[in-house]
Amino acid sequence: MKKIDMGGTVLATVANEMILVLDFGGQYNQLIARRVRENHVYCEVHPHTLALEKIRDMAPKGIILTGGPNSVYGEEAVLCSEELFRMGIPVLGICYGSQLMAHLLGGEVKKAPVSEYGKTEVEVADRNSKLFQKVSDRTICWMSHTDYIAGMPEGFRVTAKTPNCPVAAMEREEDKLYALQFHPEVMHTVEGMKMLSAFVYEVCGCKGDWKMDSFVRTTVEQLKSRIGDGKALCALSGGVDSSVAAVLLSKAIGKQLSCVFVDHGLLRKDEGDQVEAVFGHNGAYDVNFIRVNAKNRFYEKLKGVTEPERKRKLIGEEFIRVFEEEAKKIGAVDYLVQGTIYPDVIESGLGKSAVIKSHHNVGGLPDFVDFKEIVEPLRLLFKDEVRAAGRELGLPDYLVNRQPFPGPGLGIRIIGEVTEEKVKIVQEADAIYREEVAKAGADKQLGQYFAALTNMRSVGVMGDGRTYDYAIALRAVMTGDFMTAESAQLPWEVLQRTTSRIVNEVKGVNRVLYDCTGKPPATIEFE
(Lines give C-alpha, C1' and ligand atoms only; values in the text may rest on other atoms or scores of the structure.)
Protein backbone atom coordinates (compact mmCIF):
# COMPACT_ATOMS: atom_id res chain seq x y z
CA MET A 1 0.00 0.00 0.00
CA LYS A 2 1.19 3.49 -0.82
CA LYS A 3 -0.55 6.75 -0.06
CA ILE A 4 -0.62 9.96 -2.04
CA ASP A 5 0.65 12.08 0.80
CA MET A 6 -1.57 15.13 0.73
CA GLY A 7 -0.28 16.08 4.18
CA GLY A 8 3.27 14.72 4.62
CA THR A 9 4.78 16.39 1.58
CA VAL A 10 2.11 19.10 1.79
CA LEU A 11 1.23 18.89 -1.90
CA ALA A 12 -2.00 20.79 -1.44
CA THR A 13 -0.42 23.54 0.68
CA VAL A 14 3.01 24.00 -0.85
CA ALA A 15 2.33 27.73 -1.35
CA ASN A 16 0.84 28.28 2.09
CA GLU A 17 2.56 29.74 5.12
CA MET A 18 2.34 27.33 8.03
CA ILE A 19 2.28 27.12 11.82
CA LEU A 20 3.61 23.82 13.23
CA VAL A 21 2.05 22.33 16.38
CA LEU A 22 4.26 19.84 18.24
CA ASP A 23 2.18 17.44 20.31
CA PHE A 24 3.32 16.45 23.81
CA GLY A 25 0.23 14.38 24.56
CA GLY A 26 -2.18 17.20 25.32
CA GLN A 27 -5.92 16.71 24.95
CA TYR A 28 -6.31 19.99 23.05
CA ASN A 29 -3.63 19.50 20.36
CA GLN A 30 -6.12 19.37 17.49
CA LEU A 31 -8.01 22.34 18.91
CA ILE A 32 -4.88 24.51 18.74
CA ALA A 33 -4.56 23.73 15.03
CA ARG A 34 -8.24 24.47 14.52
CA ARG A 35 -7.96 27.89 16.18
CA VAL A 36 -4.93 28.81 14.09
CA ARG A 37 -6.80 27.89 10.91
CA GLU A 38 -9.68 30.10 11.99
CA ASN A 39 -7.15 32.90 11.50
CA HIS A 40 -6.77 31.76 7.84
CA VAL A 41 -3.31 30.36 8.50
CA TYR A 42 -2.56 26.73 7.66
CA CYS A 43 -1.50 24.56 10.62
CA GLU A 44 -0.37 20.96 11.08
CA VAL A 45 -0.02 18.79 14.19
CA HIS A 46 3.04 16.55 14.43
CA PRO A 47 4.53 14.44 17.26
CA HIS A 48 7.10 16.11 19.51
CA THR A 49 9.70 13.66 18.17
CA LEU A 50 9.71 15.37 14.75
CA ALA A 51 13.35 15.78 13.73
CA LEU A 52 14.87 19.26 13.61
CA GLU A 53 15.95 18.63 10.01
CA LYS A 54 12.34 17.93 9.06
CA ILE A 55 11.21 21.10 10.84
CA ARG A 56 13.75 23.13 8.90
CA ASP A 57 12.53 21.58 5.64
CA MET A 58 8.93 22.44 6.52
CA ALA A 59 9.98 26.05 7.19
CA PRO A 60 7.10 26.96 9.51
CA LYS A 61 6.40 30.59 10.29
CA GLY A 62 5.98 29.62 13.95
CA ILE A 63 5.90 26.64 16.32
CA ILE A 64 3.39 25.93 19.11
CA LEU A 65 4.17 23.42 21.87
CA THR A 66 1.06 21.75 23.32
CA GLY A 67 0.08 20.77 26.81
CA GLY A 68 0.68 17.28 28.17
CA PRO A 69 0.07 15.07 31.20
CA ASN A 70 3.68 14.70 32.42
CA SER A 71 6.03 16.74 34.60
CA VAL A 72 9.03 18.17 32.73
CA TYR A 73 11.32 17.13 35.61
CA GLY A 74 9.88 13.61 36.00
CA GLU A 75 11.28 10.30 34.80
CA GLU A 76 8.54 9.99 32.16
CA ALA A 77 8.96 13.53 30.86
CA VAL A 78 8.58 13.95 27.10
CA LEU A 79 11.12 16.47 25.89
CA CYS A 80 12.34 18.11 22.73
CA SER A 81 15.77 19.37 21.73
CA GLU A 82 16.93 22.63 23.32
CA GLU A 83 18.07 23.56 19.81
CA LEU A 84 14.41 24.07 18.86
CA PHE A 85 14.48 27.40 20.70
CA ARG A 86 17.58 28.55 18.80
CA MET A 87 16.34 27.99 15.25
CA GLY A 88 15.16 31.57 14.83
CA ILE A 89 11.54 30.44 14.52
CA PRO A 90 8.99 32.00 16.91
CA VAL A 91 7.84 29.51 19.58
CA LEU A 92 4.73 29.60 21.76
CA GLY A 93 4.58 27.13 24.65
CA ILE A 94 1.16 26.31 26.09
CA CYS A 95 0.76 24.75 29.58
CA TYR A 96 3.24 21.82 29.55
CA GLY A 97 4.87 23.54 26.56
CA SER A 98 5.48 26.65 28.64
CA GLN A 99 7.04 24.62 31.46
CA LEU A 100 9.18 22.73 28.95
CA MET A 101 10.51 26.00 27.56
CA ALA A 102 11.39 27.19 31.05
CA HIS A 103 12.97 23.85 32.04
CA LEU A 104 15.16 23.45 28.94
CA LEU A 105 16.36 27.05 28.96
CA GLY A 106 17.55 27.05 32.56
CA GLY A 107 14.47 28.05 34.55
CA GLU A 108 12.86 26.11 37.39
CA VAL A 109 9.63 24.10 37.25
CA LYS A 110 8.20 22.40 40.31
CA LYS A 111 4.96 21.26 41.89
CA ALA A 112 2.70 24.24 42.52
CA PRO A 113 1.73 25.02 46.15
CA VAL A 114 -1.83 25.43 44.84
CA SER A 115 -3.02 23.64 41.68
CA GLU A 116 -5.25 25.59 39.34
CA TYR A 117 -8.02 24.01 37.34
CA GLY A 118 -10.88 25.66 35.51
CA LYS A 119 -11.78 29.28 34.82
CA THR A 120 -9.25 31.60 36.44
CA GLU A 121 -8.88 35.37 36.38
CA VAL A 122 -5.51 36.30 34.88
CA GLU A 123 -3.95 39.75 35.27
CA VAL A 124 -1.92 41.15 32.37
CA ALA A 125 1.38 42.30 33.87
CA ASP A 126 3.00 43.88 30.80
CA ARG A 127 0.92 45.88 28.33
CA ASN A 128 3.88 45.99 25.90
CA SER A 129 3.62 42.28 25.17
CA LYS A 130 2.42 41.66 21.61
CA LEU A 131 0.28 38.76 22.83
CA PHE A 132 -1.72 40.95 25.24
CA GLN A 133 -1.98 44.33 23.53
CA LYS A 134 -5.64 43.76 22.61
CA VAL A 135 -6.49 41.81 25.77
CA SER A 136 -8.26 43.28 28.83
CA ASP A 137 -6.20 44.08 31.95
CA ARG A 138 -7.97 41.20 33.70
CA THR A 139 -9.32 38.32 31.66
CA ILE A 140 -10.77 34.86 32.28
CA CYS A 141 -8.55 31.96 31.16
CA TRP A 142 -8.71 28.17 31.44
CA MET A 143 -6.07 26.71 33.74
CA SER A 144 -5.23 23.02 34.09
CA HIS A 145 -1.94 22.45 35.90
CA THR A 146 -0.36 21.03 39.05
CA ASP A 147 3.19 22.21 38.22
CA TYR A 148 4.21 25.81 37.65
CA ILE A 149 7.17 27.94 36.58
CA ALA A 150 8.91 28.79 39.86
CA GLY A 151 11.86 30.54 38.22
CA MET A 152 12.16 32.01 34.73
CA PRO A 153 15.15 31.43 32.43
CA GLU A 154 17.57 34.28 31.92
CA GLY A 155 16.23 37.17 29.86
CA PHE A 156 12.51 36.34 30.25
CA ARG A 157 9.97 38.69 31.76
CA VAL A 158 6.54 38.05 33.30
CA THR A 159 3.66 39.21 31.11
CA ALA A 160 0.69 37.76 33.04
CA LYS A 161 0.03 36.36 36.53
CA THR A 162 -2.57 35.05 38.96
CA PRO A 163 -2.51 35.05 42.78
CA ASN A 164 -1.41 31.39 42.74
CA CYS A 165 0.68 31.44 39.57
CA PRO A 166 3.29 34.22 39.48
CA VAL A 167 4.32 33.28 35.92
CA ALA A 168 1.03 32.75 34.08
CA ALA A 169 2.79 34.07 30.97
CA MET A 170 6.38 34.97 30.14
CA GLU A 171 8.40 35.93 27.07
CA ARG A 172 11.84 36.73 25.69
CA GLU A 173 10.78 39.01 22.89
CA GLU A 174 14.18 39.37 21.20
CA ASP A 175 14.23 35.60 20.56
CA LYS A 176 10.47 35.44 19.85
CA LEU A 177 9.90 32.93 22.65
CA TYR A 178 6.49 33.10 24.37
CA ALA A 179 4.89 30.95 27.05
CA LEU A 180 1.33 30.70 28.44
CA GLN A 181 0.53 28.55 31.47
CA PHE A 182 -3.18 28.58 30.55
CA HIS A 183 -4.96 27.30 27.42
CA PRO A 184 -5.80 30.09 24.91
CA GLU A 185 -7.26 27.56 22.45
CA VAL A 186 -10.32 26.59 24.52
CA MET A 187 -13.47 28.70 24.44
CA HIS A 188 -13.38 29.07 28.24
CA THR A 189 -10.42 31.41 27.74
CA VAL A 190 -12.52 34.41 26.79
CA GLU A 191 -9.86 36.32 24.86
CA GLY A 192 -7.75 33.36 23.80
CA MET A 193 -8.33 33.93 20.09
CA LYS A 194 -6.89 37.45 20.44
CA MET A 195 -3.71 35.97 21.91
CA LEU A 196 -3.37 33.28 19.22
CA SER A 197 -4.11 35.80 16.49
CA ALA A 198 -1.43 38.11 17.90
CA PHE A 199 1.10 35.25 17.89
CA VAL A 200 0.24 34.24 14.34
CA TYR A 201 0.16 37.74 12.83
CA GLU A 202 2.16 40.09 15.08
CA VAL A 203 4.90 37.68 16.16
CA CYS A 204 5.12 35.23 13.23
CA GLY A 205 4.26 37.76 10.51
CA CYS A 206 1.67 35.59 8.75
CA LYS A 207 -0.52 37.11 6.05
CA GLY A 208 -3.44 34.66 6.21
CA ASP A 209 -3.42 32.77 2.88
CA TRP A 210 -5.36 29.62 3.92
CA LYS A 211 -8.61 29.92 1.94
CA MET A 212 -10.95 27.23 0.59
CA ASP A 213 -11.23 28.64 -2.92
CA SER A 214 -7.48 28.32 -3.47
CA PHE A 215 -7.44 24.89 -1.78
CA VAL A 216 -10.09 23.56 -4.17
CA ARG A 217 -8.37 24.92 -7.30
CA THR A 218 -4.95 23.67 -6.26
CA THR A 219 -6.19 20.23 -5.20
CA VAL A 220 -8.14 19.63 -8.43
CA GLU A 221 -5.07 20.50 -10.50
CA GLN A 222 -2.78 18.31 -8.40
CA LEU A 223 -5.14 15.34 -8.62
CA LYS A 224 -5.45 15.78 -12.37
CA SER A 225 -1.68 15.86 -12.72
CA ARG A 226 -1.00 12.98 -10.33
CA ILE A 227 -3.62 10.50 -11.59
CA GLY A 228 -3.30 11.45 -15.26
CA ASP A 229 -5.23 8.98 -17.43
CA GLY A 230 -5.45 6.39 -14.62
CA LYS A 231 -8.65 5.05 -13.08
CA ALA A 232 -9.76 5.76 -9.52
CA LEU A 233 -12.32 4.17 -7.22
CA CYS A 234 -13.97 6.39 -4.61
CA ALA A 235 -15.23 4.87 -1.38
CA LEU A 236 -18.55 6.74 -1.30
CA SER A 237 -20.67 6.61 1.85
CA GLY A 238 -22.97 9.49 0.92
CA GLY A 239 -21.71 11.50 3.89
CA VAL A 240 -20.25 14.99 3.61
CA ASP A 241 -16.60 13.93 3.52
CA SER A 242 -16.79 11.21 0.89
CA SER A 243 -19.23 13.28 -1.21
CA VAL A 244 -16.86 16.25 -1.31
CA ALA A 245 -13.95 13.92 -2.11
CA ALA A 246 -15.98 12.35 -4.94
CA VAL A 247 -16.86 15.70 -6.51
CA LEU A 248 -13.23 16.89 -6.24
CA LEU A 249 -12.07 13.77 -8.09
CA SER A 250 -14.91 14.04 -10.59
CA LYS A 251 -13.79 17.56 -11.49
CA ALA A 252 -10.21 16.35 -11.81
CA ILE A 253 -10.61 13.12 -13.81
CA GLY A 254 -14.29 12.85 -14.84
CA LYS A 255 -15.41 9.43 -16.06
CA GLN A 256 -12.13 7.85 -14.98
CA LEU A 257 -13.71 7.86 -11.51
CA SER A 258 -16.02 5.11 -10.25
CA CYS A 259 -17.91 5.70 -6.99
CA VAL A 260 -18.57 2.51 -5.05
CA PHE A 261 -21.22 2.69 -2.36
CA VAL A 262 -21.06 -0.28 0.01
CA ASP A 263 -24.35 -0.97 1.76
CA HIS A 264 -22.94 -2.87 4.74
CA GLY A 265 -26.26 -3.23 6.50
CA LEU A 266 -25.20 -0.69 9.14
CA LEU A 267 -26.77 2.38 7.57
CA ARG A 268 -29.56 4.59 8.86
CA LYS A 269 -33.09 3.73 7.80
CA ASP A 270 -33.57 4.04 3.99
CA GLU A 271 -30.12 5.65 3.65
CA GLY A 272 -28.93 3.37 0.87
CA ASP A 273 -31.79 4.44 -1.38
CA GLN A 274 -31.18 8.11 -0.53
CA VAL A 275 -27.50 7.91 -1.51
CA GLU A 276 -28.36 6.19 -4.76
CA ALA A 277 -30.91 8.90 -5.54
CA VAL A 278 -28.18 11.56 -5.28
CA PHE A 279 -25.24 9.83 -6.99
CA GLY A 280 -26.91 7.08 -9.04
CA HIS A 281 -27.67 7.04 -12.74
CA ASN A 282 -30.50 9.54 -12.40
CA GLY A 283 -28.67 11.68 -9.85
CA ALA A 284 -27.12 15.12 -10.12
CA TYR A 285 -23.50 14.00 -10.66
CA ASP A 286 -21.89 12.48 -13.73
CA VAL A 287 -20.06 9.59 -12.05
CA ASN A 288 -19.96 5.84 -12.50
CA PHE A 289 -22.02 4.78 -9.48
CA ILE A 290 -21.88 1.20 -8.19
CA ARG A 291 -23.97 -0.01 -5.24
CA VAL A 292 -22.80 -3.17 -3.51
CA ASN A 293 -25.18 -4.93 -1.12
CA ALA A 294 -22.81 -6.56 1.37
CA LYS A 295 -24.94 -6.76 4.51
CA ASN A 296 -24.56 -10.48 5.12
CA ARG A 297 -20.78 -10.58 4.84
CA PHE A 298 -20.38 -7.70 7.32
CA TYR A 299 -22.77 -9.30 9.82
CA GLU A 300 -20.85 -12.56 9.54
CA LYS A 301 -17.54 -10.79 10.22
CA LEU A 302 -18.98 -9.04 13.28
CA LYS A 303 -20.60 -12.12 14.81
CA GLY A 304 -19.54 -12.45 18.46
CA VAL A 305 -17.32 -9.34 18.38
CA THR A 306 -17.86 -6.89 21.26
CA GLU A 307 -14.63 -4.89 21.60
CA PRO A 308 -14.97 -1.45 19.91
CA GLU A 309 -11.52 -1.26 18.31
CA ARG A 310 -11.90 -4.79 16.95
CA LYS A 311 -15.25 -3.87 15.40
CA ARG A 312 -13.78 -0.79 13.75
CA LYS A 313 -10.83 -2.68 12.31
CA LEU A 314 -12.98 -5.55 11.01
CA ILE A 315 -15.34 -3.13 9.29
CA GLY A 316 -12.40 -1.18 7.83
CA GLU A 317 -10.76 -4.31 6.46
CA GLU A 318 -13.98 -5.67 4.97
CA PHE A 319 -14.62 -2.33 3.24
CA ILE A 320 -11.20 -2.60 1.59
CA ARG A 321 -11.85 -6.17 0.44
CA VAL A 322 -15.13 -5.14 -1.18
CA PHE A 323 -13.42 -2.22 -2.94
CA GLU A 324 -10.66 -4.52 -4.18
CA GLU A 325 -13.23 -6.92 -5.64
CA GLU A 326 -15.10 -4.11 -7.38
CA ALA A 327 -11.85 -2.65 -8.73
CA LYS A 328 -11.04 -5.98 -10.37
CA LYS A 329 -14.48 -5.97 -12.05
CA ILE A 330 -13.88 -2.44 -13.37
CA GLY A 331 -10.32 -3.30 -14.42
CA ALA A 332 -6.99 -1.46 -14.11
CA VAL A 333 -7.92 0.67 -11.07
CA ASP A 334 -4.78 1.91 -9.35
CA TYR A 335 -6.18 4.53 -7.00
CA LEU A 336 -8.51 4.24 -4.00
CA VAL A 337 -10.08 7.55 -2.94
CA GLN A 338 -11.16 8.06 0.69
CA GLY A 339 -12.87 10.95 2.48
CA THR A 340 -10.39 10.90 5.37
CA ILE A 341 -10.29 14.22 7.25
CA TYR A 342 -7.85 15.64 9.79
CA PRO A 343 -9.75 14.67 12.97
CA ASP A 344 -9.75 11.04 11.71
CA VAL A 345 -5.96 11.16 11.43
CA ILE A 346 -5.42 12.79 14.84
CA GLU A 347 -7.85 10.56 16.76
CA SER A 348 -6.37 7.43 15.17
CA GLY A 349 -3.01 8.25 16.77
CA LEU A 350 -0.28 10.79 16.09
CA GLY A 351 3.21 9.53 16.78
CA LYS A 352 3.17 8.37 20.42
CA SER A 353 -0.08 10.17 21.23
CA ALA A 354 -2.95 8.16 22.59
CA VAL A 355 -5.21 6.46 20.08
CA ILE A 356 -8.70 7.68 20.91
CA LYS A 357 -10.28 5.36 18.36
CA SER A 358 -9.15 3.86 15.06
CA HIS A 359 -11.11 5.34 12.20
CA HIS A 360 -11.87 2.67 9.64
CA ASN A 361 -10.18 4.67 6.88
CA VAL A 362 -6.99 5.37 8.89
CA GLY A 363 -6.06 3.19 11.87
CA GLY A 364 -8.58 0.58 10.75
CA LEU A 365 -6.88 -0.14 7.42
CA PRO A 366 -5.43 -3.64 6.96
CA ASP A 367 -1.68 -4.07 6.50
CA PHE A 368 -2.03 -4.91 2.80
CA VAL A 369 -4.21 -3.02 0.35
CA ASP A 370 -4.32 -4.07 -3.30
CA PHE A 371 -4.20 -0.57 -4.79
CA LYS A 372 -1.20 1.33 -6.09
CA GLU A 373 -2.02 4.40 -4.02
CA ILE A 374 -4.62 5.72 -1.61
CA VAL A 375 -5.82 9.25 -2.39
CA GLU A 376 -7.02 11.35 0.54
CA PRO A 377 -7.65 14.87 -0.80
CA LEU A 378 -9.37 16.07 2.41
CA ARG A 379 -6.80 14.64 4.82
CA LEU A 380 -5.71 18.16 5.82
CA LEU A 381 -9.18 19.55 6.55
CA PHE A 382 -11.38 19.86 9.63
CA LYS A 383 -15.11 19.19 9.23
CA ASP A 384 -16.18 22.80 8.80
CA GLU A 385 -13.42 23.28 6.21
CA VAL A 386 -14.77 20.26 4.31
CA ARG A 387 -18.20 21.91 4.27
CA ALA A 388 -16.63 25.15 3.01
CA ALA A 389 -14.85 23.20 0.24
CA GLY A 390 -18.18 21.58 -0.66
CA ARG A 391 -19.78 25.00 -1.09
CA GLU A 392 -16.86 26.09 -3.30
CA LEU A 393 -17.50 23.00 -5.43
CA GLY A 394 -21.17 23.95 -5.78
CA LEU A 395 -22.65 21.10 -3.75
CA PRO A 396 -26.21 21.82 -2.58
CA ASP A 397 -26.79 22.85 1.03
CA TYR A 398 -28.74 19.69 1.87
CA LEU A 399 -25.62 17.66 1.05
CA VAL A 400 -23.01 20.04 2.51
CA ASN A 401 -24.92 20.37 5.78
CA ARG A 402 -25.84 16.71 6.01
CA GLN A 403 -25.53 15.11 9.42
CA PRO A 404 -22.16 13.35 9.82
CA PHE A 405 -22.32 9.57 9.77
CA PRO A 406 -19.33 7.37 10.72
CA GLY A 407 -17.88 4.93 8.19
CA PRO A 408 -18.48 1.93 10.50
CA GLY A 409 -22.09 3.13 10.68
CA LEU A 410 -24.43 1.76 13.30
CA GLY A 411 -21.77 -0.79 14.21
CA ILE A 412 -20.30 1.78 16.61
CA ARG A 413 -23.71 2.98 17.80
CA ILE A 414 -24.48 -0.49 19.12
CA ILE A 415 -22.69 -1.33 22.34
CA GLY A 416 -21.47 -4.91 22.27
CA GLU A 417 -22.19 -7.49 19.56
CA VAL A 418 -23.81 -6.32 16.33
CA THR A 419 -26.78 -8.34 15.10
CA GLU A 420 -29.40 -7.74 12.45
CA GLU A 421 -32.06 -7.46 15.17
CA LYS A 422 -30.12 -4.76 17.01
CA VAL A 423 -29.47 -2.84 13.79
CA LYS A 424 -33.21 -2.81 13.09
CA ILE A 425 -33.89 -1.44 16.60
CA VAL A 426 -31.38 1.40 16.17
CA GLN A 427 -32.60 2.25 12.67
CA GLU A 428 -36.21 2.60 13.81
CA ALA A 429 -35.38 4.51 17.01
CA ASP A 430 -33.00 6.84 15.17
CA ALA A 431 -35.57 7.56 12.44
CA ILE A 432 -38.17 8.52 15.08
CA TYR A 433 -35.69 10.72 16.95
CA ARG A 434 -34.54 12.51 13.80
CA GLU A 435 -38.13 13.04 12.68
CA GLU A 436 -39.17 14.58 16.01
CA VAL A 437 -36.10 16.84 16.24
CA ALA A 438 -36.63 18.08 12.68
CA LYS A 439 -40.36 18.57 13.26
CA ALA A 440 -39.53 20.82 16.24
CA GLY A 441 -37.07 22.84 14.12
CA ALA A 442 -34.21 21.99 16.50
CA ASP A 443 -32.03 20.22 13.92
CA LYS A 444 -30.51 23.40 12.43
CA GLN A 445 -28.73 24.27 15.68
CA LEU A 446 -27.24 20.82 16.27
CA GLY A 447 -23.82 19.60 15.19
CA GLN A 448 -24.85 15.94 15.40
CA TYR A 449 -27.69 13.92 16.87
CA PHE A 450 -28.59 10.24 16.77
CA ALA A 451 -29.92 7.25 18.71
CA ALA A 452 -27.66 4.46 19.95
CA LEU A 453 -28.38 1.08 21.48
CA THR A 454 -26.89 0.39 24.90
CA ASN A 455 -25.99 -3.10 26.03
CA MET A 456 -28.22 -2.65 29.08
CA ARG A 457 -31.49 -4.52 29.50
CA SER A 458 -33.87 -3.68 32.31
CA VAL A 459 -37.30 -4.51 33.67
CA GLY A 460 -40.28 -2.52 32.44
CA VAL A 461 -44.06 -2.67 32.36
CA MET A 462 -46.09 -2.51 29.13
CA GLY A 463 -49.74 -3.49 28.78
CA ASP A 464 -49.86 -4.71 32.38
CA GLY A 465 -47.09 -7.15 31.58
CA ARG A 466 -43.43 -7.41 32.54
CA THR A 467 -40.80 -6.61 29.90
CA TYR A 468 -37.07 -7.11 29.94
CA ASP A 469 -35.76 -5.08 27.01
CA TYR A 470 -33.01 -2.75 25.81
CA ALA A 471 -32.39 0.92 26.63
CA ILE A 472 -31.91 3.40 23.79
CA ALA A 473 -29.56 6.35 24.39
CA LEU A 474 -30.26 9.63 22.59
CA ARG A 475 -27.39 11.99 21.85
CA ALA A 476 -27.36 15.58 20.55
CA VAL A 477 -24.33 17.88 20.61
CA MET A 478 -23.42 21.43 19.71
CA THR A 479 -20.09 21.65 17.86
CA GLY A 480 -18.39 23.52 15.06
CA ASP A 481 -15.19 21.56 14.53
CA PHE A 482 -16.23 18.13 15.97
CA MET A 483 -13.06 18.10 18.08
CA THR A 484 -14.92 19.45 21.12
CA ALA A 485 -18.67 19.39 21.75
CA GLU A 486 -21.28 20.30 24.34
CA SER A 487 -24.44 18.35 25.00
CA ALA A 488 -27.45 20.15 23.56
CA GLN A 489 -30.35 21.13 25.81
CA LEU A 490 -33.21 19.83 23.70
CA PRO A 491 -36.74 20.94 24.65
CA TRP A 492 -38.23 18.54 27.17
CA GLU A 493 -41.39 18.09 25.10
CA VAL A 494 -39.25 16.87 22.14
CA LEU A 495 -37.57 14.28 24.34
CA GLN A 496 -40.94 13.24 25.78
CA ARG A 497 -42.53 12.73 22.36
CA THR A 498 -39.46 10.88 21.09
CA THR A 499 -39.40 8.61 24.15
CA SER A 500 -43.11 7.83 23.93
CA ARG A 501 -42.88 6.94 20.26
CA ILE A 502 -39.75 4.79 20.61
CA VAL A 503 -41.06 2.64 23.48
CA ASN A 504 -44.41 2.22 21.75
CA GLU A 505 -43.27 1.75 18.15
CA VAL A 506 -39.88 -0.01 18.40
CA LYS A 507 -40.03 -3.63 19.46
CA GLY A 508 -37.38 -4.60 22.02
CA VAL A 509 -37.05 -1.21 23.75
CA ASN A 510 -38.62 -0.26 27.09
CA ARG A 511 -36.38 2.59 28.25
CA VAL A 512 -34.91 5.77 26.70
CA LEU A 513 -31.94 7.71 28.15
CA TYR A 514 -30.44 11.09 27.18
CA ASP A 515 -26.64 11.49 27.08
CA CYS A 516 -25.58 14.79 28.69
CA THR A 517 -21.81 14.28 28.33
CA GLY A 518 -19.60 16.67 26.37
CA LYS A 519 -16.44 16.00 24.36
CA PRO A 520 -14.12 15.70 26.22
CA PRO A 521 -14.42 13.58 28.32
CA ALA A 522 -16.65 11.53 25.97
CA THR A 523 -16.35 11.20 22.21
CA ILE A 524 -19.34 12.13 20.06
CA GLU A 525 -19.89 8.53 18.95
CA PHE A 526 -20.29 5.71 21.47
CA GLU A 527 -17.59 3.30 20.27
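Position 1 is the first residue of the sequence; numbering continues from there.
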Original post:
Donor-acceptor pair, T219 side chain versus F215 backbone, under 3.5 Å?
Top reply: yes
Original post:
Counting only heavy atoms not in Q489, do more than 12 sit closer than 6.0 Å to its CD atom?
Top reply: no
Original post:
Do the rings of F199 and Y178 sit parallel, tilted or perpendicular, given the 30° and 60° boundaries?
Top reply: perpendicular
**OP:** Output, in order, the C-alpha distance, side-chain angles, deciding distance and verdict of salt bridge (charged side-chain N to carboxylate O under 4.0 Å, His left out) for E373 and R226.
**Re:** CA-CA 11 Å; E373 296 185 3; R226 185 65 182 245; 3.3 Å; yes
Original post:
So among L131, I32, I19, L65, which one has a side chain to side chain contact (heavy atoms under 4.5 Å, CB included) with L92?
Top reply: L131
Subject >> Of R387, K383, R402, the residue whose pairing with D241 passes salt bridge (Lys or Arg N to Asp or Glu O under 4.0 Å) >> reply: K383
Original post:
Between the main-chain N or O of E185 and the side-chain N or O of H183, is there a donor-acceptor pair closer than 3.5 Å?
Top reply: no
Original post:
Is a donor on one side and an acceptor on the other found under 3.5 Å between the side chain of R413 and the backbone of F450?
Top reply: no
**OP:** For the residue pair E116 and T162, confirm or rule out a side-chain donor-acceptor distance under 3.5 Å.
**Re:** yes
**OP:** Keeping the roles fixed (side chain from E38, backbone from R35), state whether a donor-acceptor pair exists under 3.5 Å.
**Re:** no
Original post:
Is E173 reaching over with its side chain to a backbone N or O of S129, donor-acceptor style, under 3.5 angstrom?
Top reply: no
Subject >> Six-ring centre of Y449, R434 cation under 6.0 angstrom, axis tolerance 45° >> reply: yes
Subject >> S225 (side chain) donor-acceptor with Q222 (main chain) under 3.5 angstrom >> reply: no
Original post:
Taking 4.0 angstrom as the limit, do R172 and D175 come out as a salt bridge?
Top reply: yes
Subject >> Check: D430 main-chain N/O paired with R268 side-chain donor or acceptor under 3.5 Å >> reply: no
Original post:
Do E17 and K207 meet the salt-bridge criterion of a basic N to acidic O distance under 4.0 Å?
Top reply: no
Subject >> T479 side-chain N/O to G447 backbone N/O, donor-acceptor pair under 3.5 Å >> reply: no
Original post:
Between E82 and R86, does at least one N-O distance fall below 4.0 Å, as a salt bridge requires?
Top reply: yes
